[in-house]
Asks: 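Below is a structure I'd like to ask you about.
The structure displayed is predicted, hence computed values, not measured ones. Sequence lines set the chain letters: A, B, ... in the order given, protein chains first and strands last, and positions in each chain run from 1.
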Amino acid sequence: MILTKRLSIDTKGQGDVRDVTAEVGQIVADSRLEAGAATVFVVGSTAGVTTLEFESGVVADLDHAFEQIAPRRAAYEHHRRWGDDNGSSHVRAAMLGPSLTIPFEERRLLLGTWQQIVVAEFDTGARRRELVVQVIGE
Amino acid sequence: MILTKRLSIDTKGQGDVRDVTAEVGQIVADSRLEAGAATVFVVGSTAGVTTLEFESGVVADLDHAFEQIAPRRAAYEHHRRWGDDNGSSHVRAAMLGPSLTIPFEERRLLLGTWQQIVVAEFDTGARRRELVVQVIGE
Amino acid sequence: MILTKRLSIDTKGQGDVRDVTAEVGQIVADSRLEAGAATVFVVGSTAGVTTLEFESGVVADLDHAFEQIAPRRAAYEHHRRWGDDNGSSHVRAAMLGPSLTIPFEERRLLLGTWQQIVVAEFDTGARRRELVVQVIGE
């Protein structure tokens, strides 16, 4: 059985990381499926999905690391060709990836205690993000 | 229901990024499944799969960022031990990852307008790449 | 049909990479499913899962690249707030991601010859890692 749901999240721009564990867990619980996997997919090319210990220190450290890899205020070909300002967002999002699959059993996601499902906003301004949460199970 | 298909793509070596969205979308449409997920998996250890806005600026920016992380002409243990020249390819591929899962509904992939499924070639020479596209749905 | 299994692995701390291809392949073979996908998910926020050519050179090169991105002995907000020493572990794990999905056919994982499924330990000390291996197929 397959269930496909959507979540909308308003983010504040680059560096904003949102914990969606409770929402994904609720979709799994409501599905009445006993075991399976939830896929979390972010629509768009300037955000990513991963897991992390959701506390403000780790969130700041991750942003700092991405700033080394793809600095916000560097020169990008994407800027030159399209007059845009979010080249760093595209690079970070492509590297992190848009999707994640988390197994569940007994209607509960098999995450660690300090492991949350997050959406990382990389775009340079506030965005409404659409997430697809798809549950496959039995 | 599960359907497993293969795609072959000829790439030009490190920095070549190929858009496979149309091919994956066609496999989903042909499957006659209404809803589910497509997993795209690249066979081999020197290429990766992700989504990005497929335009030449973003493709160049991503290559530039990977060149900072794992420069092509640096010293690698992999070179020293095996006489090979693609240490940078292995590092980049392991970081990006070989697989991606994209949900679909009404026989259409739930991608953003500017979000394409791509294979990133990291190897130092031209390669024939084999991709597995697996559709699970109902 | 869905099958959910667990693997426990004792790691030696940051930089330790373990090949779990044989274990995952055995779970697929034992499932008696002909075709489908295996999802490998590592529980916890300081380890990751990917594929790579499992040889000590590539393993060392990957560790070196992560040391550039998130140096072990740098200042981290996570340290400052929690008195912890594994900020680099959290950043590396969030970037690599905790899960991977590999298609199989005829009871065999569709990996390349030089492509192994690995767990990368990023934490600063030895850990017992729990992996979830979930097989969905028919």
Asks: Measuring heavy-atom distances to chain A, does B:Glu53 have an atom under 4.5 Å in its side chain, in its backbone, in both, or in neither?
Replies: both
Asks: Under 4.5 Å from any heavy atom of chain B, what part of A:Thr101 do you find: side chain, backbone, both or neither?
Replies: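 Side chain of A:Thr101 only, per the 4.5 Å heavy-atom cut-off to chain B.
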Asks: Which region of B:Ser56, side chain (C-beta onward) or backbone (N, CA, C, O), has a non-hydrogen atom less than 4.5 Å from a non-hydrogen atom of chain A, or is it both or neither?
Replies: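 For B:Ser56, backbone and side chain are both near chain A.
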Asks: May I ask you to decide if A:Gly44's main-chain N or O and B:Gln115's side chain share a donor-acceptor pair within less than 3.5 Å?
Replies: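 Pair found, side chain donor or acceptor close to backbone of A:Gly44.
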Asks: With a 4.5 angstrom heavy-atom cut-off, is it the side chain or the backbone of B:Phe104 that approaches chain A, or both, or neither?
Replies: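 Interface part for B:Phe104: backbone (N, CA, C, O).
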Asks: Taking atom CZ as the centre, does B:Arg6 end up with more than 12 heavy-atom neighbours from other residues, nucleotides or ligands that are less than 6.0 angstrom away?
Replies: yes
Asks: To the nearest 0.5 Å, how far apart are CD in B:Glu34 and OG1 in A:Thr4?
Replies: 11.0 Å
Asks: Where on A:Ile2 is there a heavy atom nearer than 4.5 Å to chain B: the side chain, the backbone, both, or neither?
Replies: both
Asks: Where on B:Ala65 is there a heavy atom nearer than 4.5 Å to chain A: the side chain, the backbone, both, or neither?
Replies: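 Both the backbone and the side chain of B:Ala65 come within 4.5 Å of chain A.
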Asks: Relative to chain A, which segment of B:Glu138 carries a heavy atom at a distance below 4.5 Å: side chain, backbone, both, or neither?
Replies: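 The answer is both parts of B:Glu138.
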Asks: Please rank B:Ile136, B:Leu62, B:Val118 by heavy-atom pairs under 4.5 Å with chain A and give me the top one.
Replies: B:Leu62
Asks: Of all the heavy-atom pairs spanning A:Ala94 and B:Leu96, show the shortest one and how long it is.
Replies: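 Minimum heavy-atom separation between A:Ala94 and B:Leu96: O-CD1, 3.3 Å.
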Asks: Counting only heavy atoms closer than 4.5 Å, note whether B:Leu52 contacts chain A via side chain, backbone, both or neither.
Replies: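 Both the backbone and the side chain of B:Leu52 come within 4.5 Å of chain A.
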Asks: Where does A:Val42 contact chain B at under 4.5 Å (heavy atoms): side chain, backbone, both or neither?
Replies: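 Interface part for A:Val42: backbone (N, CA, C, O).
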Asks: Could you check A:Met95 against B:Met95 for side chain to side chain contact (heavy atoms under 4.5 Å, CB included), going step by step and ending with a plain yes or no?
Replies: CA-CA 8 Å; A:Met95 281 195 178; B:Met95 281 195 178; over 6 Å; no
Asks: For B:Leu100 and A:Ser99, which heavy atoms make the closest approach, and how far apart are they?
Replies: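 Between these two residues, the closest heavy atoms are CD1-OG, 3.6 Å.
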Asks: Around atom NE2 of B:His79, are there more than 12 heavy atoms of other residues, nucleotides or ligands at under 6.0 Å?
Replies: yes
Asks: B:Leu111 and A:Val43: which non-hydrogen atoms are nearest, and at how many Å?
Replies: C-CG1, 3.9 Å
Asks: Can a donor-acceptor pair be found, under 3.5 Å and without considering hydrogens, that links the side chain of B:Asp61 to the backbone of A:His90?
Replies: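 Absent.
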Asks: Evaluate A:Phe41 against B:Ile102 for side chain to side chain contact (heavy atoms under 4.5 Å, CB included), listing each step before the verdict.
Replies: CA-CA 7 Å; A:Phe41 182 88; B:Ile102 309 111; 4.0 Å; yes
Asks: Of all heavy-atom pairs between B:Ala37 and A:Gln134, which one has the smallest distance, and what is that distance?
Replies: CB-OE1, 3.2 Å
Asks: Between chain A and each of B:Ile69, B:Val59, B:Leu110, count heavy-atom pairs under 4.5 Å; write down the option with the most.
Replies: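 Of the options given, most contacts go to B:Leu110.
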Asks: Tell me the closest heavy-atom pair linking B:Gly57 and A:Arg81, and the distance in Å.
Replies: N-NH1, 3.5 Å
